[in-house]
Amino acid sequence: MNQELVTAYQPADIEKRWYAFWESQGVFEATPGSEKNPFVIVLPPPNVTGSLHIGHAFEHTLQDAFIRRARMMGFETLWLPGTDHAGIATQNVVERELAKEGLTRHDLGRDAFVERVWEWKATYGGRITEQMRRLGASCDWSRERFTMDEGLSRAVRTVFVRWFDDGLIYRGLRIINWCPRCGTALSDIEVEHEDVEGELVTFRYELADGSGSISVATTRVETMLGDTGIFVHPDDDRYRDLVGKKVRHPFFPERDMPIVADPGVDPEFGTGAVKGTPAHDPLDFEMGERQGLEKVNILTGTAQINENGGQFQGLDRYAARASVLKELQKLDLVEAIERPYIHAVGHCYRCHTEVEPWLSEQWFVKMKPLAEPAAEVVREGRIRMEPERFKKSYLDWMDNIRDWCISRQIWWGHRIPVWYCGDCGATFASLEDPHECPKCSSKSLTQDPDVLDTWFSSQLWPFSTLGWPDETEDLSYFYPTTLMTPGYEILYLWVARMIASGLYFMGDVPFKEVYVHGIVRDFQGKKMSKSLGNVIDPLDMVEAYGADALRFSLASGAVPGNDTNVSEDRIEGARNFANKLWNAARYVLLTIGDTRPSQVGDSLGLTDRWILSRLDHTVIEIEDYLGEYNWAEALRVLYRFVWSEFCDWYIELSKLSPDEGATRAVLVEVLDGILRLLHPVMPFITEELWSKVRPDAGSIMVAPWPQAVGRRDTDSESVMERFQDLVGSLRRLKVDHGIPQVQRIPVRIAAGKWRNELESMDSELIALGRLEAVEFVDEL
RNA sequence: GGGGCGUUAGCUCAGCGGGAGAGCGCUUGCUCGACAAGCAAGAGGUCAGUGGUUCAAUCCCACUACGCCCCACCA
């Protein structure tokens, strides 16, 4: 640690050294039951497949900053890290790997495939947490968790069985969102709607009795293969006489296709008559149920026309779309084609394939009874949500919630703990793998083949990671956690469900405050993506500018609820700031001799009182901004204080009296305060400098967070303001009069170098109305 | 179809009832004893438009225009 101070700050070695030191000292580790108050953040677990991208870096910087500040404020601090098994995403990754070997998961079989995923996890799963260390994340790695850990899996099962037994989990035949590429159902919020150019085809069905026809419109004309009726609105006079009649299907003349009236139809849209496809459209399903329509499924799991599609069997959905249209045209049934027709189509959030509404048997969680209390705690403020506006969208969503489809037809994940008895037909959920049917004692049991939605386990994260369902010391001390800092894109997918399940199983909220942040965009405000080539890799930035610089620039963009843009320029600016601090500290250390912080006496000069007052002011302002989670403003204040006040003025003025005790004491006192205020965001450089400023004080990580200590001094502030104003005027005058420009004019004035000249400029000073202030120069 | 956000200096963004700001970029001048990753001096804005509230509006309200986002089973 006794490395020579060099001119430019060199972060690389320092960062590595201090992180290793912190880990070795165990300063990240929390102790339950301590007398301090707990301050807890559970890390939103990144996908185990992930590598650290700039969004993670941003979120982790914020969390680390909150954690580090809390630690300095004297809280028992826990930042609990971990990763998510990310069902579909991880399975996709490993399947892609298999594909390179010319294999599919079916070639391996279920057990071998799952084994293979575990191997993958063992090899690559630690990458992202390794990268977090480079950023300086002060996580308690001794408590690191994975959503498929033994303990967390037990939590998942416990929850499933409880909800199953409480009637909150049920199985049903429903229209769900099916991803034909992933071969699995998706929940509604895993579907991303996007406008696409399609076509709106209007065609007609001839009435069976030959008395006319009825026209319908659709964007997916191939689904007419599954049509089993026509819906019209009961009050629609146009069709009143047709209700009860039948139409003839052009490809399946034997099919029974009644025209029925249902209030679900919007008479304003299209022709006001809807082709009824109960197996491939949610609304049609619902109306079909009411009207007793037959359900004809025409698609395979890979979105090809199945045996119900007659002559079209074997075509994929898009080929079938064209082919059916062509055949209808041949039959002269097509009345209009609107093309392009822009409409929203759902896409898989994992692979971006168009999702198909598909009829299948799935497991669901009944959300209404869970959502109501979860809405209540936010509505009444037991969970504070910042910025406030997210509260509204959260509540709207919760008030209109629909059931959650939790079964996935993949292999990687928590297997659904439900068994079917081959003898008595019983269906039951079980905590332990059963040996026999609890009803008839039959041994002929089959487990449900599906696994649970990955979010089913992540919703339990705030308590499953602390040991639940066991009553651990961690759980009772650290739950509820303190702060959750999600991006707004994950509010429904994750935050809402954590609140619901936390209330249900823990009887308390999972966290007390939610600070919603935006997403990171590039310097032009565009979303970062590989295809745009605008991705900034945080590790490259750490390499080039240091972790502190990256952290500072990210945190400076953290305006609550707003998206934040990063650019290399900004990071470079932050690096320059680190360097500025480094050099200022270098000057201070060279100047102060043996003087150390906390030696400020009573006999202080104007400038001493001024900078101490400004420091106090800065502390107060920062505290105010952080109270509203506003790191951006807090850091702006600090940046200004360090650069424009401490460096530009106080250090320069200190050169008048570098040998005075008061000067030395104040220099190091202010530096000490700056280091502590900056530590949450720039942990490395501050620790390094701290070790020089206070070699005997231990790590800055546990140094006390600065408090305002009543040094506000408005007199000195107003005098200095006028003085700064005066010096500015003098400098301008010198430029205007062609007098050679000088820097640090206060120093020279005091040194007498410019005194005569300045005095000869009285007339100009009078003209400027600044003359009175010259006295302050003399004072110095 | 609902809901939300934004429009401030060339660029990216803070600010938000009485002074229009920062970083980067630009111009000019500086090897002075912490720092050229620096210092100093500058140029550059009818704070999107219109109307209203107010003694006072970039800031509050309404409408308009243009962007963006979220939610949504209009076939």
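Below, chains carry the letters A, B, ... as their sequence lines are ordered, and counting in each starts from 1.
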### Message
Less than 4.0 angstrom from a charged side-chain N to a carboxylate O is my criterion; do A:Glu286 and A:Arg174 meet it?
### Response
no
inquiry  = If the threshold is 4.0 Å, N to carboxylate O, is there a salt bridge linking A:Asp399 and A:Arg379?
reply    = yes
Taking B:A72, B:A75, B:A14 as options, the one with an atom nearest any side-chain atom of A:Ala344 is B:A72
Checking B:A72, B:A75, B:C35 against the side chain of A:Thr218 (C-beta onward), the nearest is B:A75
Inter-nucleotide P distance (B:C24, B:A20), Å rounded: 24 Å
Winner on side-chain proximity to A:His343, out of B:A75, B:C73, B:A72, is B:A75
Taken to the nearest whole Å, NZ/A:Lys392 to P/B:G2 is 13 Å
Between CG of A:Asn400 and C1' of B:C71 the distance, given in whole Å, is 10 Å
query = With no hydrogens and no angle check, do the side chains of A:Glu192 and A:Tyr349 hold a donor and an acceptor under 3.5 Å apart?
reply = no
Does A:Arg317 come within less than 4.0 Å of A:Glu222, counting only side-chain N to carboxylate O?
no
Atom CZ of A:Arg586 and atom P of B:G38 are separated, to the nearest Å, by 14 Å
Open item on the list: For the C1' atoms, the ones on B:G25 and on B:A43, what distance do you get once it is rounded to whole angstrom?
Closed with: 13 Å
A:Leu590 atom CG is separated from B:G33 atom C1', nearest whole Å, by 11 Å
Of the candidates B:A37, B:C73, B:C35, the side chain of A:His193 sits closest to B:C73
If pairing means Watson-Crick or G-U wobble with both distances under 3.5 Å, then the partner of B:A62 is B:U50
note: A:Glu633, atom CD; B:A14, atom P; distance rounded to Å ~ 9 Å
Per atom distances to the A:Lys580 side chain, the nearest of B:A75, B:A34, B:A72 is B:A34
(Q) Please report whether the ring centroid of A:Tyr205 lies less than 6.0 Å from that of A:His249. (A) yes
The residue, A:Ile189 or A:Val265, whose nearest nucleotide of RNA chain B is more 5′ is A:Ile189
Note to self: Looking at A:Tyr341, I'd like to know whether one of its side-chain N or O atoms comes within less than 4.0 Å of OP1 or OP2 on B:A75.
What the structure shows: yes
**Asked** Just checking A:Asp648: base, sugar-phosphate only, or nothing, at a heavy-atom cut-off of under 4.0 Å?
**Response** sugar-phosphate
Taking B:A75, B:A72, B:A34 as options, the one with an atom nearest any side-chain atom of A:Lys655 is B:A34
Task: C1'-based separation of B:G10 from B:C26 [nearest Å] - done: 8 Å
Comparing A:Glu286 with A:Ile651, nearest RNA chain B nucleotide closer to 5' gives the residue A:Ile651
I'd like to know if the side chain of A:Thr277 reaches the main chain of A:Ala279, judged simply by a donor and an acceptor atom lying under 3.5 Å from each other, with no hydrogens or angles considered.
no
By the Watson-Crick or G-U definition, both distances under 3.5 Å, B:C5 is matched with B:G67
Whole-Å distance, A:Ile571 CD1 to B:A37 C1', equals 15 Å
Counting primed atoms, P, OP1 and OP2 as sugar-phosphate and everything else as base, the B/S/- map of nucleotides 20-26 of chain B against protein heavy atoms under 4.0 Å is ---SS--
**OP:** For B:A40 and B:C35, measure between their P atoms and round to the nearest Å.
**Re:** 15 Å
Look at all strands and tell whether A:Phe552 reaches a base, only sugar-phosphate, or nothing, counting heavy atoms closer than 4.0 Å. nothing
Among the nucleotides B:A34, B:C5, B:A75, whichever has the atom closest to the side chain of A:Arg389 is B:C5
Under a 4.0 Å N-O cut-off, is there an ion pair linking A:Arg321 with A:Glu199?
-> no
The Watson-Crick or G-U wobble partner of B:A22, with both key distances under 3.5 Å, is B:U12
Between CH2 of A:Trp582 and P of B:A36 the distance, given in whole Å, is 15 Å
> Less than 4.5 Å apart, any side-chain heavy atom of A:Leu200 and any of A:Arg339?
Replying inline: no
Out of B:A72, B:C71, B:A34, minimum distance to the side chain of A:Arg402 belongs to B:A72
Legend entry - Sub-4.5 Å side-chain heavy-atom contact between A:His343 and A:Asp195: no
Residues at least two apart in sequence or cross-chain that pass ring pair (Phe, Tyr, Trp, His ring centres under 6.0 Å) with A:Trp690, listed by chain then number, are none
Rounding to an integer number of angstrom, what distance separates B:A48 and B:A75 when you compare their C1' atoms?
40 Å
Pairing partner of B:G29, by Watson-Crick or G-U wobble and under 3.5 Å for both distances, is B:C39
note: A:Asp262, atom CG; B:C73, atom C1'; distance rounded to Å ~ 13 Å
inquiry  = If I pick the P atom on B:C5 and the same atom on B:A14, what distance separates them, to the nearest angstrom?
reply    = 14 Å
Need one value for A:Phe577: base, sugar-phosphate or nothing, where a base atom within 4.0 Å counts as base even if backbone is also close, heavy atoms only.
nothing
